[in-house]
Undergrad: 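Shown below is the structure under consideration.
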Number of protein chains: 2
Amino acid sequence: MNHYANQTRLLVAIDCIIFGFDGQEIKLLLIKRNFEPEQGKWSLMGGFVKEDEDLDVSASRILYELTGLTNIYVEQVQIFGNVRRDPVERTLSVMYFALINIADHDTDAVRSHNASWISLSQKPNLIFDHDEMVAIAMDRLRYKAALHPLGFELLPEKFTIPQLQKLYEAVYNIPLDRRNFSRKLLSTGLLQETGEKDENSATKKAMLYRLNQDRYQSRFNAFWNFVPDSMLV
Amino acid sequence: MNHYANQTRLLVAIDCIIFGFDGQEIKLLLIKRNFEPEQGKWSLMGGFVKEDEDLDVSASRILYELTGLTNIYVEQVQIFGNVRRDPVERTLSVMYFALINIADHDTDAVRSHNASWISLSQKPNLIFDHDEMVAIAMDRLRYKAALHPLGFELLPEKFTIPQLQKLYEAVYNIPLDRRNFSRKLLSTGLLQETGEKDENSATKKAMLYRLNQDRYQSRFNAFWNFVPDSMLV
DNA sequence: TTCTTTTGTGTCAGTGAGACACAATTACAG
DNA sequence: CTGTAATTGTGTCTCACTGACACAAAAGAA
C-alpha cells in the first residue's frame, strides 16, 4: 500500500497576514493583484503548498519572495476550510501571521509583486474571505501581545520606550500611562541600555534600548500583562 | 476557469484529541486500530475530510461517530503538514481538541470503534506523530484553562468546587490551596447554587453548583487566573 | 459518643496596579 | 541669549488582590 484509495485530495494554499508598524499605525502588506482570479483587487500574499514542501517552509518561502526577509516572526494561526470559500475551486488555506520591522523589507521585491503597506484603518476590501482572516489575525495579535513580549518584532533593533508604548497604543487603540508603562517594562529585565539616544526627536531625546536576547528567549513563553483585562475580551 | 491548473492536491485528515476527566485523572479517548495501516497499534480518532465537507463539520462528524455526542466543546488547534509524517502517503492533518464529560458518551459507539479511555499517565505510544499531537493539545489545554473558564466542559452539569479543584490539580499537576481556590472561583460569579449536596461523599457533603450560563457565555473570553504564572511557561 | 475526613469561611501581610506630579532635556522663537 | 513648548524620566500613594495560614461545621465509621 503506497496510497490511500478512494479519498479526495484537496488544494491547499498559504495566506500570510503581514503586520508592520510605522511609528504611528499598524500596517498590512497587501497585494494589488495583477493576475487572475480577481485581478485588480486587493488580497493577502499567498501561494499553493507544493508537493514536497512542509507547511512552515511554504510560508517562509512565500514571505521571502515578497519581502526578501528570512528570520522573521511567523506563526500559524489556523486553517480555513469552508467548502465554498474560493469560487474557483475548493481550496483550503493555512493562515500565517508575520511581524516584520517595516524598515527592513526589500523594497524592490515588494514593488515587483505590486504590494503596498496599508494602514489597518484604511484597508480596502479584500478578495474571498481575506477580510475575515485579517480580523482573526488581528485578534490573535492582540491576544498574544497582551500576554507575551511580541511587540519587539515590529520595531528596529534599537528602540525607545515611548516607541514601544505607541505600538501598544496602536494595537489596542487605547491610551496608556507613560509612567506605569515604563515601570512595568523596565521591571521585566528585557531591555538593555545602549547608552545612545534617539536623534530623531525634536525635544528631549529618548534613550535607545535593545532586547536582552537571552532573557527574551527564555521569558518569551512566560506571561506578562501590559493591557487591562477589559481590552482582552 | 473552474479549477487551478498544475497545482498539487493533497490528502487532508482530521485527528481528534478527546479529553475527559474521571474525578482523579485526565483521560484520553484512544483507538486500538483494527484496520490498516498500523493495525493493532493505538492512535487518535480521525478520518479524511470529504469533498463537500467543511473542516469543522468533518471534526464534528468524526466525534459524533465515536461518542454519539453533538454539543461538545471542540476547538481547532493547528494543522500538521510535514511531508513525511504519514508513511503511506503525504497527508495533512488538522488537529481538533475536544472536552467531554466522560459520563455522557455513548458506550456502545465507543466499544464498536475499539476505543478506550486511557489515563494520560498511562498513554501508550501512538502511531505517526500522534504523540506529538497529544503533547501539543495538552499544552493548549493548560494554556487555555489557565486563562479561560474551560474546565467546566469536563464536568457534569452539577458539580462541586472540590471536584473542579481536583480537575485543575490534575491538569497542572500541582496542589492548590482550597481556600484561595474557592474564594477566587466564587468571586467570578460563574457559579449558581443548586441547593443540593453531593450525596456520594462519605464525609461532609459538598454543595452542588451549576454554571451560570449567561455569565459563562459572556465572560468566556474574558480573563481569569487560577494558576500561578510559573505554571504557564 | 468519639474520631477522622472533608468542606466552608475568615484573617493578615506583602505585592503589584493604577492614578497622579514634578524635574530635566531639547529645539525653536523672539 | 533667554524663555517657551513639547517630550522624557522618575517617585509616591492608595487600593485590591494574591498567597499563606487556622478554625469551625458536617457526616459517616468505630
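Convention: sequence-line order gives letters A, B, ...; per-chain numbering from 1. Quick note: numbers below take in every heavy atom, side chains included, and nothing from hydrogens, waters or symmetry partners.
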Undergrad: Please evaluate residues Ser93(B) and Asp15(B) with respect to the criterion side chain to side chain donor-acceptor pair (under 3.5 Å), reporting the C-alpha separation (whole Å), side-chain torsions for both, the decisive distance (0.1 Å), and the verdict.
TA: CA-CA 6 Å; Ser93(B) 168; Asp15(B) 283 301; 2.7 Å; yes

Undergrad: Tell me whether the rings of Phe152(A) and Tyr216(A) are parallel (<30°), tilted (30 to 60°) or perpendicular (>60°).
TA: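 Rings of Phe152(A) and Tyr216(A): perpendicular, as their planes differ by over 60°.
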
Undergrad: What one-letter contact string describes nucleotides 23-30 of chain D from 5' to 3', where B marks a base within less than 4.0 Å of any protein heavy atom, S marks contact via sugar-phosphate atoms alone, and - marks no contact?
TA: --BBSS--

Undergrad: Can you tell me how the ring of Phe220(A) sits relative to the ring of His148(A), calling it parallel under 30°, perpendicular over 60° and tilted otherwise?
TA: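 Parallel.
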
Undergrad: Of all residues at least two apart in sequence or in a different chain, which pass the ring-ring contact (aromatic ring centres under 6.0 Å, His included) check with His105(A)?
TA: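 In terms of ring-ring contact (aromatic ring centres under 6.0 Å, His included), with neighbours along the sequence ignored, His105(A) is linked to Trp117(A).
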
Undergrad: Separation of Ile161(B) atom CD1 from dT7(C) atom P, in whole Å?
TA: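 In whole Å, dT7(C) P lies 11 Å from Ile161(B) CD1.
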
Undergrad: Round to a whole Å and report the spacing from CZ of Phe226(A) to P of dG16(C).
TA: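 In whole Å, dG16(C) P and Phe226(A) CZ are 13 Å from each other.
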
Undergrad: Grab the CD-C1' distance between Glu193(A) and dG9(D) for me, whole Å please.
TA: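 It is 11 Å, rounded to the nearest whole Å.
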
Undergrad: Please give, in whole Å, the distance from dT7(D) P to Lys166(A) NZ?
TA: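 After rounding, the reported distance stands at 8 Å.
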
Undergrad: With distance as the sole test, does Thr194(B) use its side chain to make a donor-acceptor pair with the main-chain N or O of Leu208(B) at under 3.5 Å?
TA: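 Side chain of Thr194(B) to backbone of Leu208(B), a donor-acceptor pair under 3.5 Å: yes, one is there.
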
Undergrad: Expressed as a whole number of angstroms, how long is the span from Leu191(A):CG to dG9(D):P?
TA: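 Distance, rounded to whole Å: 11 Å.
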
Undergrad: For a 4.5 angstrom cut-off between non-hydrogen side-chain atoms, does Leu147(B) reach Tyr143(B)?
TA: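 The answer is yes, as the side chains (C-beta and beyond) meet within the 4.5 Å cut-off.
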
Undergrad: Could you check which residues of residues 180-189 of chain B get a heavy atom under 4.0 Å from DNA chain D? Sort them by number, please.
TA: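 Asn180(B), Arg183(B), Lys184(B), in order of number.
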
Undergrad: When the distance from CG of Asp198(A) to P of dT7(D) is rounded to whole Å, what number comes out?
TA: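 That distance rounds to 13 Å.
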
Undergrad: Kindly say whether the aromatic ring centers of Phe21(A) and Tyr168(A) come within a distance under 6.0 Å.
TA: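 No.
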
Undergrad: Can you check the Tyr209(A) OH to dT8(D) C1' distance for me, whole Å?
TA: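 Interatomic distance, OH of Tyr209(A) to C1' of dT8(D): 10 Å.
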
Undergrad: Main chain of Glu25(B), side chain of Asp22(B): is a donor-acceptor contact present, judged purely on distance under 3.5 Å?
TA: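 Yes, because the side chain of Asp22(B) sits within donor-acceptor range (under 3.5 Å) of the backbone of Glu25(B).
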
Undergrad: Does Arg140(A) reach the main-chain N or O of Val77(A) with its side chain, forming a donor-acceptor pair under 3.5 Å?
TA: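 Present.
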
Undergrad: Without decimals, in angstroms, what is the distance between Asn225(A) CG and dT18(D) P?
TA: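 Those two atoms, CG and P, are 12 Å apart.
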
